[in-house]
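Working notes, structure below.
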Amino acid sequence: GAVVSQHPSWVICKSGTSVKIECRSLDFQATTMFWYRQFPKQSLMLMATSNEGSKATYEQGVEKDKFLINHASLTLSTLTVTSAHPEDSSFYICSANTGYSNQPQHFGDGTRLSIL
Amino acid sequence: GDSVTQMEGPVTLSEEAFLTINCTYTATGYPSLFWYVQYPGEGLQLLLKATKADDKGSNKGFEATYRKETTSFHLEKGSVQVSDSAVYFCALSDRGGNEKLTFGTGTRLTIIP
């Protein structure tokens with residue numbers, strides 16, 4: 001079945017560092033990818049919708065200059081957390097849309113980001 | 001806006017017990033409803049879905065019925081197994097599931113032998 005690969009699965013870095021997370025659709029073309037954030041014991045919150053070749057659409061309250069999203073090809077979207085601080089520590093999950101209305105989204109395994 | 005309220009966990013059951021995880025929603029229009037499952041160390045997987053009122057989604061012995069009158073989509077299984085231990089998420093989408101999803105908080109289920 002369709003697979004979405006997310007990398008890295010875990011990253012620890014110092015405050016002030018920028019961190020890039022990749023989301024790849026391995027065997028299908030994803031016109032749309034979604035980025036979610038999950039706080040401990042809370043639900044997944046949609047951060048932004050990423051469309052190939054155009055600017056991402058951010059949800060209310062999400063800083064677009066803080067969380068840079070690039071969807072340069074039909075199989076790759078990246079989320080860059082710029083100048084990360086401890087409050088950015090979280091679990092980030094991407095999903096990819098196959099483009100067919102009768103098919104579900106496919107999720108990556110998530111990236112645990114810890115900022116020291 | 002849209003929201004999903006899900007039974008808080010954790011839930012611990014013995015093998016072969018009956019399972020119910022409650023889920024209610026608030027949405028404008030007629031959303032599609034989903035249950036996703038996240039097994040330890042893995043990503044989210046679609047467990048089942050229902051796209052209109054009175055539809056029943058089912059998979060792997062799990063069932064959930066779209067109840068418009070009570071705005072609910074409770075997950076049930078008649079006899080759980082140890083392998084069902086996972087985190088379960090209820091979710092809704094305005095457009096069939098290929099668009100953005102609104103998730104509940106997730107319920108961690110542990111089945112003991």
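Keep in mind that what you see is a predicted model, and the values were worked out from it rather than measured. Letters go in sequence order (proteins before strands), and every chain restarts at 1.
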Subject >> Contacting moiety of Phe39(A), where chain B heavy atoms sit under 4.5 Å >> reply: neither
Original post:
With only heavy atoms counted, which part of Leu44(B) is less than 4.5 Å from chain A, the side chain, the backbone, both or neither?
Top reply: both
Original post:
Can you tell me how far CG of Leu75(B) sits from OG1 of Thr20(B), rounded to the nearest 0.5 angstrom?
Top reply: 8.0 Å
Original post:
Do Val11(A) and Ser114(A) come close enough that some side-chain heavy atom pair is under 4.5 Å?
Top reply: no
**OP:** May I ask you to check whether over 12 heavy atoms, not counting those of Met7(B), lie within 6.0 Å of atom CE?
**Re:** yes
Original post:
Where along residues 8-19 of chain B does a heavy atom come under 4.5 Å of chain A, listed by residue number?
Top reply: none
Subject >> Glu52(A) versus Thr31(A), side-chain donor and acceptor atoms under 3.5 Å >> reply: no
Original post:
Knowing that exactly one of Ser95(A), Ser77(A), Ser50(A) qualifies, which makes a side-chain hydrogen bond (donor to acceptor under 3.5 Å, both in side chains) with Trp35(A)?
Top reply: Ser77(A)
Original post:
Would a 4.5 Å heavy-atom cut-off, applied to side chains only, mark Cys90(B) and Phe103(B) as touching?
Top reply: no
**OP:** State yes or no: are the ring centers of Tyr36(A) and Phe91(A) separated by less than 6.0 Å?
**Re:** no
**OP:** Measure the SG-CD distance between Cys23(A) and Gln6(A) for me, rounded to the nearest 0.5 Å.
**Re:** 5.5 Å
Original post:
Given a strict heavy-atom distance threshold of 4.5 Å, which part of Gln38(B) is in contact with chain A: side chain, backbone, both, or neither?
Top reply: side chain
Subject >> Value rounded to 0.5 Å, distance of CD1 in Ile93(A) from CZ in Phe34(A) >> reply: 14.0 Å
Original post:
For chain A, which residues from residues 21-29 of chain B lie under 4.5 Å away (heavy-atom distances)?
Top reply: none
**OP:** Counting only heavy atoms closer than 4.5 Å, note whether Glu59(A) contacts chain B via side chain, backbone, both or neither.
**Re:** side chain
**OP:** Run the salt-bridge test on Glu22(A) and Lys20(A) with the 4.0 Å N-O cut-off and return the result as yes or no.
**Re:** no
Original post:
Given a strict heavy-atom distance threshold of 4.5 Å, which part of Leu46(A) is in contact with chain B: side chain, backbone, both, or neither?
Top reply: side chain
